[in-house]
Amino acid sequence: MQVTVTVNDTDHTREVEPRLLLVHFLRDELGLTGTHWGCDTSNCGTCVVWLDEQPVKSCTVLAAMADGHRVRTVEGLAPPGGLDPVQQGFSDQHGLQCGFCTPGMLMTSRWLLDHNPDPSEQEIREAISGQICRCTGYENIVRSVRAAAAMEQAAVQHQGAQA
Ligand code: FES
Ligand code: FES
């Protein structure tokens with residue numbers, strides 16, 4: 001079957017098998033290997049991308065289900081020439097070690113801050129509760145998201161002061 005999926009604002013049309021998972025469509029058909037594939041059980045969450053602005057585990061979605069829809073992957077997170085604040089936060093606060101969980105963590109964190117600009121530690125932990133990190137103990141991930149939130153709030157206040 002033929003599908004057309006808008007990934008990071010670019011349309012991609014491919015012939016795919018009806019059973020092809022979105023995670024494999026992204027990685028194998030489009031070469032977007034930033035989205036990781038970590039389990040066969042829908043548990044690890046490293047495959048999280050946005051489907052029409054909602055975080056989904058891309059190993060639980062068929063490419064056919066994404067036909068005609070918008071997908072954002074970790075490759076589409078950063079603005080040109082820079083880092084998204086959540087990427088900066090993870091970098092500054094050592095929110096990763098091996099980095100395998102990081103793409104999914106970044107996508108969920110970005111979504112969280114878009115909907116809750118000042119999340120509590122508990123809210124961050126709930127947001128990432130469907131995702132597994134074997135390395136960090138989650139402490140630095142929470143710190144990273146808090147740092148990103150603080151960065152964004154400081155930027156908003158700065159803009160307000162200049163207006
Ligand atoms: Fe583990 Fe999707 S690859 S939840
Ligand atoms: Fe290794 Fe999270 S940094 S799994």
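We number each residue from 1, following the sequence as shown. We count ligands from 1, going down the list as the structure has it; atoms in each ligand are counted the same way.
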Is it the case that the side chains of [Y] and [X] hold a donor-acceptor pair, with the cut-off being a distance below 3.5 Å and no angle test?
X: Thr4; Y: Asp11; answer: no
X: Gln131; Y: Thr108; answer: yes
X: Asp52; Y: His69; answer: yes

State the atoms of ligand 2, each with its element, that fall below the 4.0 Å cut-off from a heavy-atom position in [X].
X: Gly99; value: 1 (Fe), 3 (S)
X: Arg134; value: 4 (S)
X: Cys135; value: 1 (Fe), 3 (S), 4 (S)

Report summary line: So the angle subtended at atom 2 (Fe) of ligand 2 by Cys101 atom SG and Cys133 atom SG, rounded to 10 degrees, is 100°
Query - Any donor-acceptor pair under 3.5 Å from His12 side chain to Val5 backbone - result: no
Requested in this report: Indicate yes or no for a side-chain donor-acceptor contact from Ser91 to the backbone of Gln87 under 3.5 Å, with no hydrogens or angles considered.
Outcome: no
Report summary line: among protein heavy atoms, the one nearest atom 3 (S) of ligand 1 is Gly38 N, 3.2 Å
Query raised in the report: What's the shortest distance from atom 4 (S) of ligand 1 to any protein heavy atom, and which residue and atom give it?
Result: Gly45 N, 3.1 Å
Requested in this report: Check the pair Glu152, Arg146 against salt bridge (charged side-chain N to carboxylate O under 4.0 Å, His left out), reporting the backbone distance first and the verdict last.
Outcome: CA-CA 10 Å; Glu152 293 187 330; Arg146 295 284 308 146; over 6 Å; no
Query raised in the report: Between Asn43 and ligand 1, which part of the residue brings a heavy atom under 4.0 Å of the ligand: side chain, backbone, both or neither?
Result: backbone
Report summary line: Honestly, for Ser42 the part within reach of ligand 1 (heavy atoms, under 4.0 Å) is backbone
Report task. Would you mind running through ligand 1 and noting each atom that sits below 4.0 Å from a heavy atom of Cys44? Result -> 1 (Fe), 3 (S), 4 (S)
Query raised in the report: Checking side-chain hydrogen bond (donor to acceptor under 3.5 Å, both in side chains) for the pair Glu126/Gln122: CA distance, chi angles, key distance, verdict?
Result: CA-CA 6 Å; Glu126 278 172 19; Gln122 185 58 28; 3.3 Å; yes
Report summary line: Between Cys47 atom SG and Cys59 atom SG, the angle centred on atom 2 (Fe) of ligand 1 rounds (to 10°) to 110°
